[in-house]
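Report on one structure; see the data block that follows.
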Amino acid sequence: MNALSRFAANRGALIGLFLLLVLVAIVVLAPVLYPQSPWRMVGRPMGAPLDGNFLLGTDTLGRDVAAGIVHGARVSLLIGIVSTIAALLIGVPLGALAGYFGGLIDDAIMRFTEFFQTIPSFALAIVLVAILQPSLPSIVLAIAIVSWPPVTRLIRGEVLSLRTREYVQAAVTVGQSTPRIIFTQILPNTLAPIIVMASLMIATAILLESSLSFLGLGDPNLMTWGYMVGAGRSRIIDAWWISFFPGLAIFLTVLALNLVGEGINDALNPRLRKEVRK
Amino acid sequence: MSEPVLKVDRLSLSLPSVADRAFALKDASFEINAGETLCVVGESGSGKSMTAHAVMGLLPPAVKVAGGSIKLAARELLKLSDREMRQVRGRDIGMIFQEPMTSLNPLMRIGDQIREMFEAHGALDPSARQKRALELIEEVGLPDPARIVRVYPHQLSGGQRQRVMIAMALALEPKLLIADEPTTALDVTTQAQILKLVDRLRSDHGTAVLFITHDFGVVAEIADRIVVLQNGEICEAGKTAEVLRAPTHPYTRKLIAAVPSITPPDARALADAPAALTVEGLAKTYKSGGFFAKGRQVKAVDDVSFAIRPGETLGLVGESGSGKSTVGRCCLRLIEPDDGTIRLETVEIQAMTQRALRPHRSRIQMIFQDPYASLNPRRSVGRIIAEGPVAQGVDRKAAMRRARELLDLVGLTPAAADRYPHEFSGGQRQRIGIARALALDPKVLIADEAVSALDVSVQAQILDLIRDIQKRLGVAILFVTHDLRVAAQICDRIAVMQSGRIVELAPTAELFANPTHDYTRKLLAAVPGRDAFAHAN
């Protein structure tokens, strides 16, 4: 059975994939579904869901909650993917260098990595965003900076075990250069754990961005889910829908990404899968 | 005659539908009497380990019993519940595994692990358990039982751990002892001791022994009767002496003929030529310990010198930890030597930087041990072979063309170049590894246990291939091996290593006929089945 059919046999992973596809469809169709700015006040403040023209109701200023969620999906997905790529770009090369060369280089890189790991990541992200001014690039940067250390540790461990494989030694004996060995012999074989980790990192990044926005540290020009939850929290008793629906959107997205990540993991590492016992 | 201890009758084990055959074992019948050793012999994938696991009731979830019966002293094992089977394991059947390094719990003292055997079956009271544990340790020949009960597994050597495993397996005096390749991971001298121990315990206690092995040498040493498995089917069974002397089934005949003889063939005449590889005063010391721990020094290689002429094969034999692999890797600078000179024809390479060495790397190449780990799973076979020439500046197209020629040379079809390593068997992969080593037209080949991971029939083919290639291309070969039979067949001269030093270096025939060093004599005496396979091939 190949990886694809193993993935297809996993019900949880398929549900996750379905949710993700819905999310992507919403992002793509956002300009058609809600062509107007989500910041525009379009109706009576605090209108209940299904009351009047608004599917998910309106917030304290009469803005459409559904429009906010649709436009917020784009920001969440964008930040999740871009910051994960940025974190991989920092973490993978550092991990590969540390694992391949070992010795002093390994020590230096790993102490540097631990330096970042010892600082509470959310506190560091808040500080970074506050210093750099809240904007899309600064948020992406902050999330990337707090989430690369686990990547480095993972890649270092993989490379440490791969570099002692005989095929890597064979590459040394035929005279391949070191960068070539790292890029053609070692890194392609770390692809499976990288993919699994990346899918889970996107979920964490979305949560982190939501938390920042909730605290009012989001990009002030962008409607995000975290901001919506934060803005509606003071009226949670009399207008629950303002916070509830963006929160549900975050929950479903993170759940979907985790299900897909687990599914990919099981599909790529079939032997690690929990055995089903009667 | 009394009831046999174990009676397996028409046992079939089915494999999941994706496997390459439907049955792991088909219609297998055999029996073992008290005080008898039955060897189940076969190559990898023949179903011999599955047989042992079926008797223990420890089959992997995907393998199902499709029919037949397993009777232990007239009691049907296949009908027992999990709980009843747990009672049988340990009490009625003891088992020894292949890997002594991982079959003991690293966090438990030896004494506690042995006592656990009694606790699990509610046997004896605590003080009697302690006394019995000491007796058992004494019985399996471990020194100073009072100390052994308090140590942890990592403080013991592989052979000592295997003795502990045997002590545990025999703790409750089982009627049947199952030994699944118990000596495969051990050195030849340790193997000889363990085989003697198993045999002594069998005769002392009248235990029936089911011994699984791939090694006909071991069979000749220990078995009363043997069962030969081929692809899950018994192709031959009978008394050891008869089967070894006059095998009736063609497969058995093939297997026995493939066992390399301990008698070396006549010496080859070699042209007198300047040495292709000269090593003088090579030394490598490993230091352990960090900032705080007191450093420990191990001399892995100590003042090793030898020279190999073109077309000659020098064997480097020794037990694990003797430093033979380190020597091979130092010659390639995969491990940096501390001292000594390494000369390839006229070029001294020991002091070069890795960058300066790269252009000279084509002169010396390596054939690796593990055919499954030595090929990058994500590259096609053609690219794997062409990598060397490309790195040395050959045009990619020309290198691929050469890769196809080389595949033909090592006995594979040139079309194999477009396929990936996982599509090949172990022996075929080793051929690919040899093609890769030849791609750079080296003058020297280092073969590090190049045939040790292969089945005996495949081993013979690969040895033939290496010999043939040497004849055609005139390369010098440093053949690192622990297997004296293989060394006897392929080497012109043999260097025996012990604790980092070469203790004896002599032409093969001379070394086997008149070993001068005590250690060489000990090694030669420990080769299993020495007398049974003394025939010249």
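Basis for what follows: all heavy atoms, side chains included, without hydrogens, waters or symmetry-related copies. In what follows, chains carry the letters A, B, and so on, assigned in the order in which the sequence lines appear, proteins first and then strands, with residues in each chain numbered from 1.
Taking A:L162, A:T184, A:V168 one by one and counting their heavy-atom pairs under 4.5 Å with chain B, the maximum is reached by A:T184.
Heavy-atom minimum distance, A:G175 versus B:A391: O-CB, 3.8 Å. Nearest heavy atoms, A:Q185 versus B:N376: OE1-ND2, 2.9 Å. In terms of heavy-atom proximity, B:G388 sits nearest to A:V174 at CA-CB, 3.5 Å. Contact detail for A:Y167 and B:S374: the closest heavy-atom pair is CB-O, 3.2 Å. What you find for A:P188 and B:R378 is that their closest heavy atoms are O-NE, 2.9 Å. Here the closest non-hydrogen pair linking B:R358 and A:Q176 is NE-O, 3.7 Å.
Counting only heavy atoms from C-beta outward, the side chains of A:Q169 and B:M366 never approach each other to under 4.5 Å.
Contacts between B:E387 and chain A at a heavy-atom distance below 4.5 Å involve backbone atoms as well as side-chain atoms. Neither the backbone nor the side chain of B:R355 comes within contact range of chain A; no heavy atom of the residue lies under 4.5 Å from a heavy atom of that chain. In this structure, chain A has a heavy atom under 4.5 Å from the side chain of B:L334, while its backbone stays farther away. If you measure heavy-atom distances from B:R333 to chain A, you find no contacts under 4.5 Å at all.
No more than 12 heavy atoms of other residues, nucleotides or ligands sit less than 6.0 Å from atom CG of B:D82. Annotation for A:F122: atom CZ counts as buried by contact number, over 12 foreign heavy atoms lying within 6.0 Å.
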